[in-house]
Amino acid sequence: MWKRIDQFLKRQALNIDREQELYMNRRGFIGASLAFLGICFVGSFPFVARATRNGRHEPAAPALRIAGLDELGIGESKPFLYPHDNEPALLIRLSEKEYRSYHIKCTHLGCPVYWDQASGKMTCPCHNGFFNVEDGSVLAGPPQRPLPAVRLDFRKDGIYAVGMKPIEGHEGV
Ligand code: FES
């Protein structure tokens, strides 16, 4: 009889411990999950603020006169810095009325890209990267992103750089 009582008490003790343990595990899990979600929520504030600012309030780049209307012959190019002194760009005249302009820092590892009139391609000599002069898109080589295109404006006194085109869907001028 003592043995049966002893077994009964042990069973009860084990049940109480297990239920208590499960209860504590559930509470701990829920608490940890809520804490994790809270940290993620608060931690995302700077990224959300930055994305919002970039999308809506990007400051306009100043207009900069980069060439006279007849300064370049067809097929010629002219380097300039825009919109800052550390951002080299190139103006290219493709035909009587067609011009293109791009930043010429290669989107692979930053080597200077040049206009190769003979091949008709924007060329990066470092790792044989090639870009389409029509829209700056990658033709070949390791670069994964197109050359950023400069927006052009044709005024009475010359050709002006007036900002950067969005990376997607820029179609040249
Ligand atoms: S830096 Fe231009 S292809 Fe590598």
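Residue pairs meeting the disulfide bond (SG atoms under 2.5 Å apart) criterion with at least one partner in residues 63-108, sequence neighbours excluded, do not occur; the list is empty. Residue pairs meeting the disulfide bond (SG atoms under 2.5 Å apart) criterion with at least one member in residues 130-165, sequence neighbours excluded, do not occur. Applying the ring-ring contact (aromatic ring centres under 6.0 Å, His included) test to pairs two or more places apart or on separate chains, none has a residue in residues 64-93.
With sequence neighbours excluded, the residues that form a ring-ring contact (aromatic ring centres under 6.0 Å, His included) with H108 are H127. Every residue two or more places apart in sequence or in another chain was checked for a salt bridge (charged side-chain N to carboxylate O under 4.0 Å, His left out) with R65, and none qualifies. For E76, there are no salt bridge (charged side-chain N to carboxylate O under 4.0 Å, His left out) partners, not counting sequence neighbours.
Summarising the local packing, CZ of R145 is surrounded by 12 or fewer heavy atoms from other residues, nucleotides or ligands at distances under 6.0 Å. With a 6.0 Å radius and a threshold of 12 heavy atoms from other residues, nucleotides or ligands, D85 has its CG atom at or below the threshold.
In terms of heavy atoms, A63 sits closest to V162 at CB-CG1, 4.0 Å. For the pair H103 and A89, the tightest heavy-atom approach, listed with the atom from each and the gap, is CD2-CB, 3.9 Å.
Proximity of a side-chain donor or acceptor of R93 to a complementary backbone N or O of Y99 within less than 3.5 Å is not detected. Side chain of Y102 to main chain of D135: a donor-acceptor pair is present (N/O by atom type, distance under 3.5 Å, no hydrogens or angles). In this structure a side-chain-to-backbone donor-acceptor pair under 3.5 Å is present from R100 to E134.
You'll find the ring centres of Y160 and F154 outside the 6.0 Å limit.
The SG atoms of C111 and C124 do not lie less than 2.5 Å from each other.
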